[in-house]
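Worksheet: the structure to be examined is printed underneath.
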Number of protein chains: 2
Amino acid sequence: MKPALSDKTHKSAGPIVDESTLQGFLGYQLKRAFNVMQADLTQALKPHGLRMLTYTALILIADNPGLSQSQLAAAMDVERPNLVVILDALEHRALILRERVPSDRRTYALKVTLKGRQLYEKATADVKTHEQALLAGIDAATRKTVVEAMLLIRHRAAKDSL
Amino acid sequence: MKPALSDKTHKSAGPIVDESTLQGFLGYQLKRAFNVMQADLTQALKPHGLRMLTYTALILIADNPGLSQSQLAAAMDVERPNLVVILDALEHRALILRERVPSDRRTYALKVTLKGRQLYEKATADVKTHEQALLAGIDAATRKTVVEAMLLIRHRAAKDSL
DNA sequence: TATTGTTATACTCTATAACTATA
DNA sequence: TATAGTTATAGAGTATAACAATA
């Protein structure tokens, strides 16, 4: 059952395009909304010289001092090689340190510097402000429902891959 | 207020990493869940030789016969140059046609071929099956709430950019 | 042997400028 | 001049194989 007129998109200067089939997929709705949120996040982080992935890494290192690159890559769900350039960017700005671990000289213990922690605080304040503005029309109960649904999707996928 | 133990991720073979700051961002939850859904979609489309963007274009052309590349690019929210390779892939497989428009020889009227429509039907059935499996633990009311929240995010962004 | 971090590489998606042909 | 489609190009994100150092 397709709605007659509701599932149409009116692009600013363009004509009406029928998106009803696509809009029937929750994954499509997720992608479009996430694209909006990522664009907003990119703007929030730009003054700090951070991108989504460098910011994510900075947060996880600050919240988990001493973790290794492999652990961080697993937590971020990125491949280990891809993390190298992300950490290089943070290290070159002296936001994090790669500290040698005497007990296992293969690994690095990742830690934020004072400068890194200060940037983390400032950037996080900005990101929160941006997100709250974007979500202003969505009440707390709805947000909670959305978050729980997202967690269910992640956990379902984890189960399916066993 | 951070939960004491709940916001932890237990990676299959890895240690526990504190993700609580990140999980406080709805955008982060969206990204992680979308990554899961996209991986699932990619698997569903692989047997058909389609990727997310080629599939999206195929759907929109099938549902909007005769639309132009500019209109399609606007509907998909991709830049016009990036659409060219997507349509090339579909056209080379004879799934769509670029028909010249006599009244305006600059534009193409995009249409699916019979083969394109048949693939659209088969692929869509598979994609629906995959998505339903992934969303099996989420009831209809929750899905509706999620979709409405995603639409609010998109519309809020549209307003903010005025 | 196995693991950590790294290099090299390639593929996809995305974004911008500039070209052509039409209008 | 303005628009539709295209080319060229560059930047990010992502994935795999293979290497050196270390366990």
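Numbers restart at 1 for each chain; the letters A, B, ... are given by sequence-line order, proteins then strands.
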How many Å lie between CG on A:Leu72 and P on C:dT6, as a whole number?
12 Å

Between CD of B:Gln69 and P of D:dT3 the distance, given in whole Å, is 17 Å

Taking C:dG5, D:dT6, D:dA12 as options, the one with an atom nearest any side-chain atom of A:Arg51 is D:dA12

B:Gln38 vs D:dT14: side-chain N/O to OP1/OP2 distance below 4.0 Å:
no

What's the CZ-C1' distance between A:Arg32 and C:dC13, to the nearest Å?
15 Å

Does B:Ile61 belong to the same Ile/Leu/Val/Met/Phe/Trp/Tyr cluster as B:Val101, with side-chain heavy atoms less than 4.5 Å apart forming each link?
no

With a 4.0 Å cut-off on heavy atoms, is A:Glu79 in touch with a base, just the backbone sugar-phosphate, or nothing at all?
base

Other residues, nucleotides, ligands: >12 heavy atoms within 6.0 Å of B:Lys144 NZ
no

Please check this pair: side chain of A:Arg143 against backbone of A:Ile138, looking for a donor-acceptor N/O pair closer than 3.5 Å.
yes

May I have the distance from B:Leu87 (atom CG) to C:dC13 (atom P), rounded to whole angstrom?
13 Å

Just call it for B:Leu83: base, sugar-phosphate, or nothing, with non-hydrogen atoms closer than 4.0 Å on any strand.
nothing

Take the protein atom CD of A:Glu91 and the nucleotide atom P of C:dG5, then report the distance between them rounded to whole Å.
12 Å

Which donor-acceptor pairs under 3.5 Å do the side chains of residues 80-91 of chain A make with protein atoms, sequence neighbours left out?
unit_1, atom_1, unit_2, atom_2, d
A:Asp88, OD1, A:Arg98, NH1, 2.9
A:Asp88, OD1, A:Arg98, NH2, 3.1
A:Glu91, OE1, A:Arg98, NH1, 2.7

So, B:Asp126 versus B:Thr129: side-chain donor-acceptor pair below 3.5 Å or not?
no

Can a side-chain donor-acceptor contact be found between A:Asp104 and A:Thr107 if the only test is distance below 3.5 angstrom?
no

Counting side-chain heavy atoms from CB outward, which of C:dT7, C:dC13, C:dA17 is closest to B:Pro81?
C:dA17

Please report the distance, rounded to the nearest Å, between CE in A:Met52 and P in C:dC13.
16 Å

Atom NZ of B:Lys122: over 12 foreign heavy atoms under 6.0 Å
no

Given C:dT6, D:dT6, D:dT14, which nucleotide is nearest the side-chain atoms of B:Val84?
D:dT6

Heavy-atom nearest nucleotide on DNA chain C taken for A:Asp88 and for A:Asn35; more 5' hit belongs to A:Asp88

The side chain of A:Asn82 is closest to which nucleotide in this list: C:dG5, D:dT6, D:dA15?
D:dA15

Please list, by residue number, the residues of residues 96-108 of chain B whose heavy atoms come closer than 4.0 Å to an atom of DNA chain D; answer none if no residue qualifies.
B:Arg98, B:Arg106, B:Thr107, B:Tyr108

Check the distance between D:dT14's P and B:Phe34's CZ and give it to me in whole angstrom.
11 Å

Looking only at side chains, do A:Tyr28 and B:Thr56 share a donor and an acceptor under 3.5 Å apart?
no

Counting only side-chain N and O atoms of A:Gln71, is one of them less than 4.0 Å from OP1 or OP2 of C:dT4?
no

Nearest-Å distance for atom pair CG/P, residues B:Asp77 and C:dC13:
15 Å

Report the residue (B:Arg80 or A:Ile86) whose heavy-atom-nearest nucleotide on DNA chain D is the more 5′ of the two.
B:Arg80

